[in-house]
Amino acid sequence: MMRAVMAPIQVLLFFSFALGTAGRLVVHKNRQASEESADPPTEKEIDKKYDVADKSLQELYTTGCKFQHAADISAKLASKMAKGEMKKDDEVAERNKIEMQNVKDMRARCQVTAISTKSECDEQCVERHEDHREAKIACNKACKDSSKQWTTDCNNKADELNVAYQDRANNLALENQCYVDHCNNFPAAWKLEDAAAVTAAVEADCKKKCTDSADKACESTCNGECDAAKMTDCAKPLREAEDPTQKFCSLLWTAIEESSKVEWKTGYPKLATFR
């Protein structure tokens, strides 16, 4: 039976890297202590204990991950816009800049986590097999192989994050095209989801624009420049589509959990991959 258990170093790594990626779960020191106790808990009891912990960590991790790759980026862009540090036309480029930095940061965390967890794993090999040279060598090899596999698979996940960002950019571009095609001159109405609300906003804007106009058809002409129904119908499915980064975060947690399992009998990390 395989079981993932959380070691102190992994808990630290899990929360200290901005929830962009998590530390791997390797050999747990308390496992050895349990084996040496007079009445050690059963595997079923340990499973139950860590299932509760895993569930809590899953909620914390996925929430933080989803925030980092969606709401946090939007908040940074809004802040730059409010401070006059960015123009509306620069939003796409600025968003891409932030996203590429996130991918770069994730790759760096992949490397740091691999090094840190291998060191912890090696230390536990010494503790568990201090008087058994061959077993210690085999344990160290398992740590090395697992760390190498983690680095490869974690970087593959960074590639998947980049793809998720690109997919979202494509969706945003298609959504923006709906506004340009059907209501180009009224950007203030673009974020309104209801056609009636869009029509009301356009009419109010046109009334204001035509206040000093001698053209009696000014308002009707102006109102005709925006087809609220077509705009909202075009944008709705794109707006309601799941953000690709949100699905990425959910899948990433599952991959991390699977890659973090250990063999009960030896305590060696299981070479599960992210694929």
Side-chain angles (χ1 to χ4, degrees), residues 11-23 55-113 154-155 157-180 183-194 197-198 200-201 205 231-232 234-256:
V11 176
L12 175 61
L13 288 167
F14 192 92
F15 291 106
S16 64
F17 293 128
L19 294 177
T21 189
K55 183 63 176 178
S56 297
L57 290 174
Q58 179 182 5
E59 292 177 359
L60 287 170
Y61 178 78
T62 53
T63 298
C65 178
K66 290 177 179 181
F67 179 84
Q68 180 188 15
H69 298 304
D72 184 55
I73 293 177
S74 296
K76 288 178 179 178
L77 293 173
S79 177
K80 285 179 174 291
M81 189 78 73
K83 293 177 181 178
E85 298 174 355
M86 177 186 78
K87 296 180 180 179
K88 183 65 178 178
D89 293 343
D90 300 326
E91 183 175 354
V92 173
E94 190 63 31
R95 175 183 287 275
N96 181 256
K97 181 179 178 181
I98 295 172
E99 291 173 344
M100 291 306 97
Q101 184 60 50
N102 282 347
V103 173
K104 182 178 179 180
D105 289 345
M106 183 175 177
R107 293 191 191 285
R109 289 192 293 268
C110 290
Q111 184 66 26
V112 171
T113 302
C154 188
N155 276 292
K157 282 299 174 185
D159 290 338
E160 290 181 19
L161 174 59
N162 190 35
V163 171
Y165 280 147
Q166 291 174 357
D167 288 344
R168 181 169 65 187
N170 291 337
N171 288 344
L172 290 173
L174 290 173
E175 181 183 339
N176 188 70
Q177 195 60 47
C178 293
Y179 307 136
V180 172
C183 203
N184 187 45
N185 296 328
F186 305 92
W190 289 358
K191 296 307 177 182
L192 299 175
E193 299 181 10
D194 181 68
V198 172
D205 194 15
M231 186 195 84
T232 53
C234 175
K236 183 178 180 180
L238 296 166
R239 184 180 288 165
E240 294 179 348
E242 181 183 19
D243 186 327
T245 64
Q246 307 301 282
K247 183 177 181 180
F248 165 82
C249 287
S250 296
L251 293 176
L252 180 60
W253 168 262
T254 301
I256 289 171

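Closest non-hydrogen pair, Ala197 versus Leu192, comes out as O-CD1, 3.6 Å. The minimum heavy-atom distance between Gln68 and Arg109, with the atom names listed, is NE2-NH2, 4.0 Å. Summarising the geometry of Ala70 relative to Thr245, their closest heavy-atom pair is CB-OG1, 4.3 Å, with the distance given to 0.1 Å. When all heavy atoms are compared, the tightest approach of Ala164 to Pro244 is O-CB, 3.6 Å.
Of the listed residues (Asp243, Asp167, Leu161), just one forms a side chain to side chain contact (heavy atoms under 4.5 Å, CB included) with Phe248, and that residue is Leu161.
The ring pair (Phe, Tyr, Trp, His ring centres under 6.0 Å) search around Tyr165 returns His69, not counting sequence neighbours. Glu240 is linked by a side chain to side chain contact (heavy atoms under 4.5 Å, CB included) to Lys236, counting only residues two or more places apart in sequence or in another chain. Residues satisfying the salt bridge (Lys or Arg N to Asp or Glu O under 4.0 Å) test with Glu59, not counting sequence neighbours, are none.
Counting only distance, with no hydrogens or angles, the side chain of Trp190 and the backbone of Cys183 share a donor-acceptor pair below 3.5 Å.
Here Lys97 contributes atom NZ and Ile73 contributes atom CD1; the two are 13.5 Å apart, rounded to the nearest 0.5 Å.
A donor-acceptor pair shorter than 3.5 Å can be found between the side chains of Asp105 and Gln101.
Residues Ser250 and Lys66 form a side-chain contact, since some pair of their non-hydrogen atoms from C-beta on lies under 4.5 Å apart.
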